[in-house]
Engineer: 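Sharing a structure, written as structure tokens. Questions coming.
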Amino acid sequence: EVQLQASGGGLVQAGGSLSLSCAASEITFDDYAIGWFRQAPGKGREAVSCISRSDGTTYYADSVKGRFTISSDNAERMLYLQMNGLEPEGTAVYYCAAARPGIISSSLSYATEYDYWGQGTQVTVSS
């Protein structure tokens, strides 16, 4: 059974940085699309950054471009999200997710395309 375990959230002041990690089991990163999503109180789940391993396509939400960096260690089955210049609007529960092979690159940011989800880690950015 595929399991994803996210960690690294916390409380940080605006302008600060956090690094999220996601440990995956029972999947091969080379075959899956993997990514980070977030959900703020009262809002829907949105894609933050995702990678399509099949063709190397990387997606970043416009709101995080230039500040967040997604990376992975395929051998260790780890997914990371380095978040710099955090803003109060970034306060949310952050989830890592994986999609089975077959997702097309244009659908990377669609939460409905992802099959497996971690439990989420809370990120709170104070102003």
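Side chains included, hydrogens not; waters and symmetry mates left out as well; all remaining heavy atoms used.
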Engineer: Show me the donor-acceptor pairs within less than 3.5 Å that the side chains of residues 9-22 make with the rest of the protein, sequence neighbours left out.
Structural biologist:
from: Ser17; atom 1: OG; to: Asn84; atom 2: OD1; distance (Å): 2.9

Engineer: Which residue pairs pass the disulfide (SG to SG under 2.5 Å) test with at least one member in residues 97-127, sequence neighbours excluded?
Structural biologist: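 Qualifying pairs, neighbours excluded: none.
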Engineer: Who pairs with Arg77 by side chain to side chain donor-acceptor pair (under 3.5 Å), at least two apart in sequence or on another chain?
Structural biologist: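 Partners of Arg77 under the side chain to side chain donor-acceptor pair (under 3.5 Å) test: none.
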Engineer: If you define the side chain from C-beta out and look only at heavy atoms, does anything of Ser72 sit under 4.5 Å from Asn74?
Structural biologist: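 Yes. Closest side-chain heavy atoms under 4.5 Å.
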Engineer: State yes or no: do Val64 and Leu86 share one hydrophobic cluster built from I, L, V, M, F, W and Y residues joined by side-chain heavy-atom distances below 4.5 Å, directly or via other members?
Structural biologist: yes
Engineer: Got a sec, which residues hit side-chain contact (heavy atoms from CB on, under 4.5 Å) with Ala6, two or more places apart in sequence or on another chain?
Structural biologist: Trp36, Cys96, Gln119, Thr121
Engineer: The criterion is salt bridge (Lys or Arg N to Asp or Glu O under 4.0 Å); which residues satisfy it with Glu89, sequence neighbours excluded?
Structural biologist: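 Listed in chain order: nothing, the list is empty.
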Engineer: State which residue, out of Tyr94, Tyr95, Trp117, fulfils the ring pair (Phe, Tyr, Trp, His ring centres under 6.0 Å) condition with Phe37.
Structural biologist: Trp117
Engineer: Can you pull out every side chain to side chain donor-acceptor pair (under 3.5 Å) where at least one residue sits in residues 2-12? Sequence neighbours excluded, please.
Structural biologist: none
Engineer: In the single-linkage hydrophobic clustering (I, L, V, M, F, W, Y; side-chain heavy atoms under 4.5 Å), do Ile34 and Tyr110 co-cluster?
Structural biologist: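 Result: no, two separate clusters.
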Engineer: Would you call the rings of Tyr116 and Tyr32 parallel, tilted or perpendicular, taking 30° and 60° as the class edges?
Structural biologist: tilted
Engineer: Excluding sequence neighbours, so at least two apart, what forms salt bridge (Lys or Arg N to Asp or Glu O under 4.0 Å) with Asp55?
Structural biologist: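 Here no residue qualifies.
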Engineer: What pair of heavy atoms forms the shortest contact from Ala33 to Leu108, and how long is it?
Structural biologist: CB-CD2, 3.8 Å
Engineer: With clusters defined by side-chain heavy atoms of hydrophobic residues (ILVMFWY) lying less than 4.5 Å apart, directly or transitively, does Phe68 cluster with Leu79?
Structural biologist: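 Both belong to a single hydrophobic cluster.
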Engineer: Excluding sequence neighbours, so at least two apart, what forms salt bridge (Lys or Arg N to Asp or Glu O under 4.0 Å) with Asp115?
Structural biologist: Arg100
Engineer: What about Leu4 and Leu81, same hydrophobic cluster or not, with Ile/Leu/Val/Met/Phe/Trp/Tyr joined at side-chain heavy-atom distances under 4.5 Å?
Structural biologist: yes
Engineer: Can you list everything that forms a side chain to side chain donor-acceptor pair (under 3.5 Å) with Asp73? Sequence neighbours excluded, please.
Structural biologist: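 Residues passing side chain to side chain donor-acceptor pair (under 3.5 Å) with Asp73: none at all.
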Engineer: Could you note down all residue pairs passing disulfide (SG to SG under 2.5 Å) where residues 24-71 supplies at least one of them, sequence neighbours left out?
Structural biologist: none
Engineer: Main chain of Ile70, side chain of Tyr60: is a donor-acceptor contact present, judged purely on distance under 3.5 Å?
Structural biologist: yes
Engineer: Restricting to side chain to side chain donor-acceptor pair (under 3.5 Å), what partner residues turn up for Lys65, sequence neighbours left out?
Structural biologist: Asp62
Engineer: My understanding is that only residues two or more places apart in sequence, or in another chain, count here; which of them pass salt bridge (Lys or Arg N to Asp or Glu O under 4.0 Å) with Glu46?
Structural biologist: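 Per chain and number, Glu46 pairs via salt bridge (Lys or Arg N to Asp or Glu O under 4.0 Å) with Arg38.
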Engineer: Working note: Tyr114 + Ile103, criterion side-chain contact (heavy atoms from CB on, under 4.5 Å); need CA distance, chi angles, decisive distance, verdict.
Structural biologist: CA-CA 9 Å; Tyr114 288 75; Ile103 183 174; 4.1 Å; yes
Engineer: To the nearest 0.5 angstrom, please state how far the OG atom of Ser49 sits from the CZ atom of Arg67.
Structural biologist: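 Answer rounded to 0.5 Å: 12.0 Å.
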